[in-house]
Q: 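Pasting a structure below so you can have a look.
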2 protein chains.
Amino acid sequence: MDETTSRPDAMPEPETAAALKDIRQTLSQLVGYHLRRASVYDMNGAVAALEPVDARPITMSVLTSIVEQPGRTSADICRMLAIKRANIVGLLQALEARGLFTRRDDPADQRLQRLYPTPEGVAAARQWLHLVQEHENRILSRLSLAERAELRRLLALVWADERAEEG
Amino acid sequence: MDETTSRPDAMPEPETAAALKDIRQTLSQLVGYHLRRASVYDMNGAVAALEPVDARPITMSVLTSIVEQPGRTSADICRMLAIKRANIVGLLQALEARGLFTRRDDPADQRLQRLYPTPEGVAAARQWLHLVQEHENRILSRLSLAERAELRRLLALVWADERAEEG
DNA sequence: ACAATATTGTTATGCAGCATAGCAGTCAAT
DNA sequence: ATTGACTGCTATGCTGCATAACAATATTGT
């Protein structure tokens with residue numbers, strides 16, 4: 001750290017492309033760094049993609065869960081999506097107000113409200129999924145179909161332990 | 001959505017493992033979903049790994065940037081790490097207070113403060129990197145070395161466009 | 001030469017996401 | 001019958017991150 005670092009003022013070129021590559025030598029060796037950058041980048045696009053239908057990624061995850069698994073409780077969905085029970089309340093209220101699902105008391109256990117999608121909810125879930133898929137096609141345009149599948153597989157392996165622990 | 005959905009009460013088994021798999025049929029086809037889950041899972045571990053040395057992932061990224069590219073300005077680092085100039089102020093103040101880097105006014109441009117790591121800063125960056133690498137070995141234990149490299153490559157391709165846009 | 005525009009480091013401020021703590025009602029176990 | 005666990009929910013606080021604005025300085029266009 002002498003030859004390269006001891007140049008306080010000798011740096012003619014503007015801090016553009018060239019500089020941006022070197023710094024990633026250390027950070028870019030970390031999978032977690034790329035994981036974070038890619039995830040944030042993807043999330044920004046997903047939020048934008050769902051904005052026209054007044055939904056967010058978390059909104060879509062919850063509705064999709066209800067559609068895919070009718071009859072689950074809010075606590076179930078919280079466990080599946082790794083969100084807190086306190087934070088799903090508002091999300092469900094909003095979805096319910098839009099008529100996208102209904103609650104039915106469980107006759108056998110009065111604590112539970114089982115959630116069932118309405119036809120409108122199923123349609124909305126389908127539409128939202130479509131929007132997100134379009135976004136994914138954009139963001140994954142540099143990957144082949146095989147690479148996309150491989151990426152999905154590897155990512156699933158990364159957080160597989162989370163499921164094993166308490167999922 | 002009839003055969004399977006029209007069973008409001010007939011669900012004897014507890015909402016455990018079996019249920020958790022089906023719901024992911026739709027969500028799990030989305031790369032972005034796994035991206036998000038994996039990133040959050042990884043970040044939690046990274047935060048925990050850096051806690052003993054009183055650092056956070058963003059802290060480490062900033063210090064590492066200074067070490068890797070001595071003489072850069074805070075605005076440079078913000079562009080590289082995609083953070084806002086307003087938000088790096090506190091991070092730099094903390095690192096400076098710990099004596100991990102120093103600022104030197106640029107003689108040619110009085111607006112700029114060029115940042116240089118101290119020997120302590122270099123040592124800290126090395127130590128923090130080591131801790132994060134240990135964490136990564138844990139979280140990526142299910143992947144072979146080749147798979148880890150492939151995952152890193154694919155992730156880099158995902159957010160490559162972000163760099164291309166305004167990098 | 002000068003006016004318009006841009007950049008730097010910084011402060012102040014607001015908001016959304018997420019977590020914790022606590023509640024009453026209900027169920028299960030011993 | 002008591003203890004513990006679970007549900008849905010309210011209240012609340014912290015943190016991360018974004019925007020807006022600032023004075024000082026530099027760059028550009030004409």
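Remember, predicted model here, so these are calculated numbers, not experimental data. Lettering follows sequence order; numbering is per chain, from 1.
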Q: Sorted by first residue and then second, give each salt bridge (Lys or Arg N to Asp or Glu O under 4.0 Å) pair with at least one member in residues 123-141 of chain A; sequence neighbours left out.
A: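 Non-adjacent pairs meeting salt bridge (Lys or Arg N to Asp or Glu O under 4.0 Å): zero.
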Q: Below 4.0 angstrom from OP1 or OP2 of D:dT7, is there any side-chain N or O of A:Arg72?
A: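 For D:dT7, neither OP1 nor OP2 has a side-chain N or O of A:Arg72 closer than 4.0 Å.
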Q: Between the opening five pairs and the closing five pairs of the helix from C:dA1-D:dT30 to C:dT30-D:dA1, how far apart are the helix axes, to 10°?
A: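 Angle reported: 30°, given to the nearest ten degrees.
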Q: Would you tell me if any nitrogen or oxygen in the side chain of A:Thr73 comes within less than 4.0 Å of OP1 or OP2 on D:dT7?
A: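 So the side chain of A:Thr73 is outside the cut-off, no N or O lying under 4.0 Å from OP1 or OP2 of D:dT7.
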Q: Using atom names, set out every protein N or O paired with an N or O of nucleotides 1-4 of chain D below 3.5 Å, distance rounded to 0.1 Å.
A:
none

Q: Ion pair present between A:Glu147 and B:Arg153, side-chain N to carboxylate O less than 4.0 angstrom?
A: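 Salt bridge: yes.
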Q: Could you check whether the rings of A:Trp159 and B:Tyr33 sit parallel, tilted or perpendicular, using 30° and 60° as the cut-offs?
A: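 It falls in the perpendicular class, over 60°.
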Q: With the threshold set at 4.0 Å, does a side-chain nitrogen-carboxylate oxygen contact exist between B:Arg142 and A:Asp161?
A: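 So B:Arg142 pairs with A:Asp161 through a salt bridge.
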Q: Give me the residues of residues 85-100 of chain B where at least one heavy atom lies under 4.0 Å from an atom of DNA chain C, by number, or none.
A: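 Within residues 85-100 of chain B, the residues near DNA chain C are B:Arg85, B:Ala86, B:Val89, B:Gln93.
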Q: Can you give me every donor-acceptor pair (side chain of residues 92-99 of chain A, partner residue at least two apart or in another chain, under 3.5 Å) with its distance?
A:
{"from": "A:Glu96", "atom 1": "OE1", "to": "A:Arg103", "atom 2": "NE", "distance (Å)": "3.1"}
{"from": "A:Glu96", "atom 1": "OE1", "to": "A:Arg103", "atom 2": "NH2", "distance (Å)": "3.1"}
{"from": "A:Glu96", "atom 1": "OE2", "to": "A:Arg103", "atom 2": "NE", "distance (Å)": "3.1"}
{"from": "A:Arg98", "atom 1": "NH1", "to": "A:Asp54", "atom 2": "O", "distance (Å)": "2.9"}
{"from": "A:Arg98", "atom 1": "NH2", "to": "A:Val53", "atom 2": "O", "distance (Å)": "3.1"}

Q: I'd like to compare against my own output: the B/S/- annotation of nucleotides 23-30 of chain C with a strict under-4.0 Å heavy-atom distance to protein.
A: --BBS---
Q: Identify which nucleotide among D:dC17, C:dG9, D:dG8 has an atom closest to any side-chain atom of A:Arg36, counting heavy atoms from C-beta outward.
A: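 The answer is D:dC17.
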Q: If you assign B:Arg103 and A:Lys84 each to the DNA chain C nucleotide with the nearest heavy atom, which residue ends up on the more 5' nucleotide?
A: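 The 5'-side residue here is B:Arg103.
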